[in-house]
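Everything below concerns the one structure shown next.
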Amino acid sequence: MLLIDAWQFIVAHPGRFLNALGTHVALSAAALTLAVAIALPVGIWISGTGRAAMAAITTANIGRTLPSLAVLALVMPVLGTGFAPSLFALTLLAMPPILLNTYTAIQQVEPDVVDAARGMGMTRAEIMRKVELPLAAPIIFAGIRTAAVQVVSGAVLAAYIGGGGLGDFITAGIAMMALPQLLVGAIPATLLSIGTDQLFGWLQRAMIPRGLAS
Amino acid sequence: MIDIVDLVKQFPGTARPAVDRLTLSIPDGEVCVLIGPSGCGKTTTMRIINRMIEADAGIVRVGGRDIMQVDTVTLRRSIGYVIQHVGLFPHWTIAENVATVPRLLGWTEARTEARTDELLVMVGMDPSTYRDRFPRELSGGQKQRVGFARALAADPPLMLMDEPFGAIDPITRGRLQDEFLKILRALRKTIVFVTHDIDEAIKMGDRIAILKDGALLQYDTPERVLAEPANSFVSAFVGADRALKRLSPIACATVAVPFAGVAPAQSIDGTASLRDALALMLETGEDVLAVRSGDQWTGVVTLAAIRARTVSHRSHESAPPISAP
């Protein structure tokens with residue numbers, strides 16, 4: 001019964017629903033893209049340093065323990081409400097797993113392989129591009145997958161600071177005790193998270209170099 | 001070919017230099033084995049030659065050029081590099097691994113491919129079988145064959161080999177030593193070979209440099225290191241059985257004398273070492289063995305001839321380190 005009511009709500013308000021869905025996906029995609037664009041290069045850079053790595057990893061580990069809602073709440077007094085503060089907060093949430101996995105993945109490349117690459121006369125950039133990154137790719141992608149799922153689920157909370165998305169239906173549903181409306185937000189948000197996990201899982205497997213696949 | 005003059009390297013936070021005013025000259029086309037106990041500076045010295053480690057002081061010239069005047073990438077691409085754990089790129093096929101340096105040097109695809117197949121044949125890996133395989137499908141010995149081919153790819157005049165057989169089982173090791181040595185001799189490569197195994201040093205080396213605490217104790221042919229160890233450390237290092245070791249590099253064919261009298265009951269192949277001949281004599285109780293070349297008997301080797309090879313030429317033999325019975 002509730003499900004039918006929820007469906008009827010969508011049919012009655014297709015514009016609102018699609019708009020919210022679109023905002024949710026756009027917010028998530030933008031946050032993930034920004035996080036990759038920042039955390040991946042930083043992860044690569046700190047893999048070659050000692051002190052900077054320690055600082056970045058400590059920060060990332062602290063960042064990873066913060067509850068999503070707390071990050072959003074912390075951003076609001078500084079940046080206000082709306083799409084941009086939500087994007088900022090979600091980007092912050094997505095960075096730690098990408099940064100940590102990138103660093104760890106590059107560190108885990110066998111030292112003998114890197115030594116051989118150096119000894120044969122590869123430049124620092126060639127070693128990174130031809131050897132370290134391809135071998136690190138599956139673990140880096142595992143980090144991006146974690147981040148993607150975190151962002152898609154975290155984006156539900158963006159509604160609390162006016163970021164829009166499917167969370168709008170949930171917060172409104174709770175406020176008005178309108179359960180069908182709550183489901184209009186909750187079910188698509190859940191499916192979106194599961195779908196994201198599946199998509200990135202497939203990408204992650206596709207990133208395993210042929211010589212390492214079992 | 002390689003001139004090392006007054007080389008010094010001390011790692012930060014260590015009490016003494018890893019390499020301490022080392023001077024060494026390696027002629028073209030020779031295999032120079034650096035050997036010594038752990039921490040003697042043998043690997044450090046080798047890695048300074050292709051600037052994997054930068055020296056604190058001293059000069060290294062390769063082919064007359066000071067290595068500090070050549071940029072590291074160019075230098076390393078011109079020197080073959082083989083390490084104990086091979087370090088094949090696991091995400092590349094065997095052919096791609098072998099083609100590493102040619103590709104870095106920008107060879108054409110056709111030239112690279114032809115060279116890759118040629119090298120795989122040379123190291124005994126059938127190209128049509130192995131070209132498109134991945135490293136994880138190979139045994140340890142096969143991996144090192146590919147590692148060796150990869151180091152030879154751009155035909156570098158100098159090869160650095162750091163314990164290349166250290167992680168390989170004894171039977172495969174013996175076979176790889178023989179095969180690699182044959183290839184290196186045929187190609188007239190100059191080799192710097194690091195090992196901690198004195199038997200391997202005697203087998204592979206034209207000269208052996210014995211290092212201790214970063215300093216050079218003796219630099220000589222295997223025969224002279226065994227016959228005339230420079231001091232008690234060297235004599236202990238080469239072992240109490242150095243008389244036997246001296247027999248290892250000598251082939252029976254080289255000491256065979258014309259066959260006379262009664263035909264010996266036992267025979268041995270001419271390529272076998274005098275050490276093998278002695279072992280066979282002890283086992284069978286014979287004093288004389290016929291020396292074979294194929295099916296032909298070409299001469300005999302006698303116990304007396306073997307003994308003559310083991311007696312030291314030195315008059316003031318230092319006491320060998322044998323514990324009291």
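Within every chain, numbering begins at 1; the chains are lettered A, B, ... in the order of the sequence lines, protein sequences first and strands thereafter.
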- Task: With salt bridge (charged side-chain N to carboxylate O under 4.0 Å, His left out) as the test, would you mind laying out the steps for Glu137(B) and Arg210(A) before giving the verdict?
- Result: CA-CA 12 Å; Glu137(B) 302 173 67; Arg210(A) 210 154 63 87; over 6 Å; no
- Between Met52(B) and Asp115(A), does a side chain to side chain contact (heavy atoms under 4.5 Å, CB included) hold up when you go through it step by step? CA-CA 9 Å; Met52(B) 295 293 275; Asp115(A) 186 74; 3.3 Å; yes
- Report the C-alpha distance between Lys130(A) and Trp92(B) in whole Å, list the side-chain angles of each, state the deciding distance to 0.1 Å, and finish with yes or no for side chain to side chain contact (heavy atoms under 4.5 Å, CB included). CA-CA 10 Å; Lys130(A) 291 168 185 256; Trp92(B) 287 359; 3.9 Å; yes
- Query: Can you list the steps and then say if Met122(A) with Thr100(B) is a side chain to side chain contact (heavy atoms under 4.5 Å, CB included)?
  - Reply: CA-CA 9 Å; Met122(A) 284 193 198; Thr100(B) 304; 3.7 Å; yes
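Heavy-atom neighbours of Arg185(B) CZ from other residues, nucleotides or ligands within 6.0 Å: above the threshold of 12. For Phe83(A), the CZ atom sits in a packed shell: over 12 heavy atoms of surrounding residues, nucleotides or ligands are nearer than 6.0 Å. Summarising the local packing, OH of Tyr160(A) is surrounded by 12 or fewer heavy atoms from other residues, nucleotides or ligands at distances under 6.0 Å. Heavy-atom contacts from other residues, nucleotides or ligands closer than 6.0 Å to CG of Leu191(A) number more than 12.
The shortest side-chain heavy-atom distance between Met120(A) and Arg76(B) does not fall under the 4.5 Å cut-off. For the pair Arg136(B) and Leu212(A), the minimum side-chain heavy-atom distance is 4.5 Å or more.
Only the backbone of Val86(B) comes within less than 4.5 Å of a heavy atom of chain A; no side-chain atom from C-beta onward does. Both the backbone and the side chain of Val73(B) come within contact range of chain A, with heavy atoms under 4.5 Å apart. Interface remark: Leu88(B) contributes backbone atoms only to the contact with chain A (heavy atom separation under 4.5 Å). For Arg133(B), no part sits under 4.5 Å from any heavy atom of chain A, backbone or side chain.
Of the listed residues (Thr123(A), Val131(A), Val114(A), Val113(A)), the greatest number of heavy-atom pairs within a distance under 4.5 Å of chain B belongs to Val113(A). Note on Arg47(B), Arg150(B), His91(B): by heavy-atom pairs under 4.5 Å with chain A, the leading option is His91(B). Highest contact tally toward chain A, considering only Ala154(B), Gly87(B), Pro135(B), is held by Gly87(B) [criterion: heavy-atom pairs under 4.5 Å].
Residues Asn50(B) and Gly119(A) share a closest heavy-atom pair of ND2-O, 4.0 Å.
Interatomic distance, Thr72(B) OG1 to Arg118(A) CZ, rounded to the nearest 0.5 Å: 8.0 Å.
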